[in-house]
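Note sheet for the following structure.
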Number of protein chains: 4
Amino acid sequence: MVKKDKPKYKQIIDAAVIVIAENGYHQAQVSKIAKQAGVADGTIYLYFKNKEDILISVFEEKMGVFVSELEKIIAKDASAADQLGMMINSHFSLLASDLHLAIVTQLELRQSNHDIRMKINNVLRGYLKLMDRILVSGIETGEFDQNMDIRLARQMVFGTMDETITTWVMNDHKYDLVELAPKVQRLLLKGMQA
Amino acid sequence: MVKKDKPKYKQIIDAAVIVIAENGYHQAQVSKIAKQAGVADGTIYLYFKNKEDILISVFEEKMGVFVSELEKIIAKDASAADQLGMMINSHFSLLASDLHLAIVTQLELRQSNHDIRMKINNVLRGYLKLMDRILVSGIETGEFDQNMDIRLARQMVFGTMDETITTWVMNDHKYDLVELAPKVQRLLLKGMQA
Amino acid sequence: MVKKDKPKYKQIIDAAVIVIAENGYHQAQVSKIAKQAGVADGTIYLYFKNKEDILISVFEEKMGVFVSELEKIIAKDASAADQLGMMINSHFSLLASDLHLAIVTQLELRQSNHDIRMKINNVLRGYLKLMDRILVSGIETGEFDQNMDIRLARQMVFGTMDETITTWVMNDHKYDLVELAPKVQRLLLKGMQA
Amino acid sequence: MVKKDKPKYKQIIDAAVIVIAENGYHQAQVSKIAKQAGVADGTIYLYFKNKEDILISVFEEKMGVFVSELEKIIAKDASAADQLGMMINSHFSLLASDLHLAIVTQLELRQSNHDIRMKINNVLRGYLKLMDRILVSGIETGEFDQNMDIRLARQMVFGTMDETITTWVMNDHKYDLVELAPKVQRLLLKGMQA
DNA sequence: GATGAATGAGGCTTCATTCAT
DNA sequence: TATGAATGAAGCCTCATTCAT
């Protein structure tokens, strides 16, 4: 049984999300995370190399859910347009159902230093690669514009989703994010369709 | 003559951009900015209330150029589609011509804490309001989709531009950003047109 | 059967010597010693009161060999000058044959704190008392200077041996330490002879 | 005016000696040294790179006095035997007149880690080189044994002095160290003379 | 006897800001 | 105005020791 499977590992990850969301990135001291997790400060270091390791693991663990959801969607026998819609819906739903996580990924984790951000980007890259597969298949089936620049399209898709979610978080989740998904889908589809 | 018109004010602002771009947000100490500006540490505090004030002023001063450029574009007698294109072009050009500024706005300043980011967003809001005017006029003239959600459309426009620029910065400006402007314009227009 | 006779006791002592020699005093954590000894961390505390107790015991156990060798030499029917020579030779030989031990006694154990060093000195005192007996017998037989200050002479003898060995250890045992013994003996004898 | 000439530099060095002597090496926290020096913790770092730098500087500054005294002695037109005596006397006197310093150099500073000890040894080496010059000149003038091994002789001289002083310090300076100097000189001279 | 997961105290260092000159 | 020496609060991490199994 490796560390990641032990209950305290996930306990600390979840505590970190809560502490960061409620106190902000720069006020998320290790001692606060330990307290929230119900363990001693030193115990943290039995499961994580250092504070940076906690933050990256938070992103890895949580992003893992996004990736596996997206993999399920891609495995489905559906049109690229529908897959795009399911992806947006899945992405929005996951964050709307965990407000702490939304704050952490959209606002707080972006305050981390260069090193951490680079490592977070590596994790994100896996997600973006999956996203590309939907776009490529859409082009192949003729659903999407043959001349579309994949990278640019992916930046539009991700940028729009990201901006939409960030605005929603910054407005204190005053409105329903998931309801926006179909609209976002339509907007993006129009931009990409053949 | 107010502080903002004195030469040392701009001198410190410019020094801050360089120091942040070259050292990263978290390594941009006040003393480094002072040294780069050629003044003593204490002198900074004759022109700025505190470090936060420097950072927000950097954004205000530099954003001012974006805003006035956009105002000129809106004042022109052109179609909404053309204005959108000119805006993207202007936005891309301003950042492509000042790599330090691009690094600072796309990467480094986003590491600032919650308070500073909120204040930066207030400044940004003015720019987004102007952007909305292009979208509204496009809808009114029938160029853009009547049923389009303005906020969503603006998030798509800004999110796409932002993601495109950030990717370009992170790839060390290896390709020509301004060349991408027409492609981005076409992609966004397709998504919004009637 | 007392603790000291149990196999794990000596096992831990020997592990401590190796770990301290190879990692340095300040990097010789209890957990490393336990690992080297092939026991669990907690097991250490079944044989030793605390870490300090391990270190003092290391010195006691190893010094015991020096003492018993010296006792054999003193029991011999030889001149004081010869006994001095045999002592130097024995002292040098024991350390030359156990490089780990030489590093530990000459360099690493001296980094220990005040308390431990005082306790180590108590152990050392027994050895120095034996050394004094050679000097006293040399004075009585007329071999050594009648007016010689015993304490000073002992400090010269021990100080010279110690400095010689430490220099040898610090030079990575590049030359043969035991070969130096007769020269050291002659030098010291000249200083002490009648 | 360089840092070393500023009054606070020496103030901190002297404070460090007192704090280390009175509290022991491992209880000599930077904050204690700052308090003893009458400055804020942060001020220490305007004069020293880090804690290690303080400790090495203590040794350098204090050793500097020993070196310059020894240089004066070597410059004198005296026999090697007399110079040896003057050196021992000077060395003993300097430590006997500053009990704090004696504790620090003979006991506490030896607890420092490998890095610091190596740097301290570099400083010490300069002193030992000067010592060698007395021995060499004694051999050249025929005062000392032509066949004497210089390194061994130096180890005897330094080892004897060091052991004598350490014993004196450990016995809480109960007797007069300087009074021992002539006796030590005679003992060592006998060992080295032709 | 043996284990090893858990504990928690403790200190070096940075850097925004002040204020006497 | 301008200076820059001085301030002092605040947090990550290590590791000897314990104790439930």
Side-chain angles (χ1 to χ4, degrees), chain A residues 1 3 6-9 12 26-35 37-55, chain B residues 3 6-8 12 26-35 37-55, chain C residues 3 6-8 12 26-35 37-55, chain D residues 1 3 6-9 12 26-35 37-55:
Chain A
M1 180 165 163
K3 277 188 179 161
K6 293 186 181 168
K8 288 209 173 141
Y9 179 83
I12 292 166
H26 292 290
Q27 282 306 306
Q29 294 86 349
V30 171
S31 61
K32 261 185 203 152
I33 296 174
K35 196 170 196 178
V39 300
D41 292 19
T43 304
I44 299 268
Y45 292 88
L46 297 176
Y47 295 90
F48 299 91
K49 203 152 52 68
N50 48 35
K51 190 179 176 181
E52 179 175 323
D53 190 24
I54 307 174
L55 303 174
Chain B
K3 279 185 177 166
K6 295 187 180 169
K8 282 192 181 162
I12 293 166
H26 292 289
Q27 282 306 306
Q29 293 87 352
V30 171
S31 62
K32 256 185 206 154
I33 296 174
K35 194 171 196 178
V39 300
D41 294 18
T43 305
I44 298 269
Y45 291 86
L46 297 175
Y47 295 90
F48 299 90
K49 199 153 54 72
N50 49 32
K51 189 178 179 182
E52 181 174 322
D53 189 23
I54 307 175
L55 302 174
Chain C
K3 278 184 178 168
K6 296 189 181 167
K8 283 193 181 161
I12 293 166
H26 292 289
Q27 282 305 307
Q29 293 87 350
V30 171
S31 62
K32 257 186 205 154
I33 296 174
K35 195 171 195 177
V39 301
D41 294 16
T43 305
I44 298 269
Y45 291 87
L46 298 174
Y47 295 90
F48 298 90
K49 200 153 55 70
N50 50 32
K51 189 179 180 182
E52 180 175 321
D53 190 23
I54 308 175
L55 303 174
Chain D
M1 182 165 165
K3 276 188 181 161
K6 293 185 183 170
K8 286 204 175 146
Y9 179 83
I12 292 166
H26 291 290
Q27 281 307 306
Q29 294 87 349
V30 171
S31 61
K32 262 186 202 153
I33 296 174
K35 196 171 195 178
V39 301
D41 293 17
T43 305
I44 298 269
Y45 292 86
L46 297 177
Y47 296 90
F48 300 91
K49 203 153 49 70
N50 49 34
K51 189 179 178 182
E52 178 175 324
D53 191 24
I54 307 175
L55 303 174

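Quick caveat, the model's predicted, so the values are computed rather than measured. All values below were derived from every heavy atom in this structure, side-chain atoms included, with hydrogens, water molecules and symmetry-related copies excluded.
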Once you round it to whole Å, what is the distance between [atom2] of [N] and [atom1] of [X]?
| X | N | atom1 | atom2 | answer |
| --- | --- | --- | --- | --- |
| C:Gln27 | F:dA16 | CD | P | 10 Å |
| B:Lys51 | E:dT18 | NZ | P | 15 Å |
| A:Ile12 | E:dT7 | CD1 | P | 9 Å |
| D:Ile44 | E:dC15 | CD1 | C1' | 17 Å |
| A:Lys6 | E:dA5 | NZ | C1' | 8 Å |
| C:Lys35 | E:dG4 | NZ | C1' | 13 Å |
| A:His26 | F:dA10 | NE2 | C1' | 15 Å |
| B:Asp41 | F:dA2 | CG | P | 14 Å |

Does D:Gly38 or A:Glu52 map to a spot on DNA chain F nearer the 5' end, using the closest nucleotide for each?
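Comparing both residues, the 5'-ward one is D:Gly38.
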
Most 5' of C:Lys49 and A:Ser31 on DNA chain F, judged by nearest nucleotide:
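Result: A:Ser31.
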
What pair of heavy atoms forms the shortest contact from [X] to [Y], and how long is it?
| X | Y | result |
| --- | --- | --- |
| D:Lys51 | D:Tyr45 | N-OH, 4.4 Å |
| B:Gln29 | B:His26 | NE2-O, 4.4 Å |
| A:Phe48 | A:Ile12 | CE1-CG2, 3.5 Å |

About how many Å separate OH of A:Tyr9 and CD1 of A:Ile54, when rounded to the nearest 0.5 Å?
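Nearest 0.5 Å value for the CD1-OH distance: 10.0 Å.
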
Closest nucleotide among [options] to the [X] side chain:
| X | options | answer |
| --- | --- | --- |
| A:Asn50 | E:dG4, F:dC13, E:dA16 | F:dC13 |
| A:Ala40 | E:dT3, F:dC15, E:dT7 | E:dT7 |
| D:Leu46 | F:dA9, E:dA9, F:dA6 | F:dA6 |
| C:Thr43 | F:dG8, E:dT3, F:dT17 | E:dT3 |

Complementary nucleotide of E:dA20, counting Watson-Crick and G-U pairs under 3.5 Å:
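Paired with E:dA20, as far as the under-3.5 Å criterion goes, is F:dT3.
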
Across all strands, who's sitting opposite E:dT14 as a Watson-Crick or G-U wobble pair, both distances under 3.5 Å?
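Its partner is F:dA9 (Watson-Crick or G-U wobble, both distances under 3.5 Å).
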
Counting just side-chain N and O atoms, does D:Tyr45 come under 4.0 Å of either OP1 or OP2 of E:dC15?
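For E:dC15, neither OP1 nor OP2 has a side-chain N or O of D:Tyr45 closer than 4.0 Å.
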
May I ask you to verify if any side-chain N or O of B:Lys8 is less than 4.0 angstrom from the OP1 or OP2 atom of F:dT1?
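So the side chain of B:Lys8 is outside the cut-off, no N or O lying under 4.0 Å from OP1 or OP2 of F:dT1.
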
Counting any heavy atom closer than 4.0 Å, what does A:Val30 reach on the DNA or RNA strands: base, sugar-phosphate only, or nothing?
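Here A:Val30 touches the backbone only, sparing every base.
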
Under 4.0 angstrom, heavy atoms only, what part of the nucleic acid is C:Phe48 near: base, sugar-phosphate, or nothing?
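Since no nucleic acid heavy atom lies under 4.0 Å of C:Phe48, the category is nothing.
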
Which residue, C:Val39 or D:Gln29, contacts DNA chain E at a nucleotide closer to its 5' end, judged by nearest heavy atom?
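That would be C:Val39.
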
Does any N or O in the side chain of D:Lys32 come within less than 3.5 Å of the main-chain N or O of D:Gln27, such that one atom is a donor and the other an acceptor?
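Yes, the answer is positive, given that a donor and an acceptor are paired below the 3.5 Å cut-off.
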
Note, A:Asn50 side chain near A:Asp53 side chain (heavy atom, < 4.5 Å):
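The answer is yes, as the side chains (C-beta and beyond) meet within the 4.5 Å cut-off.
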
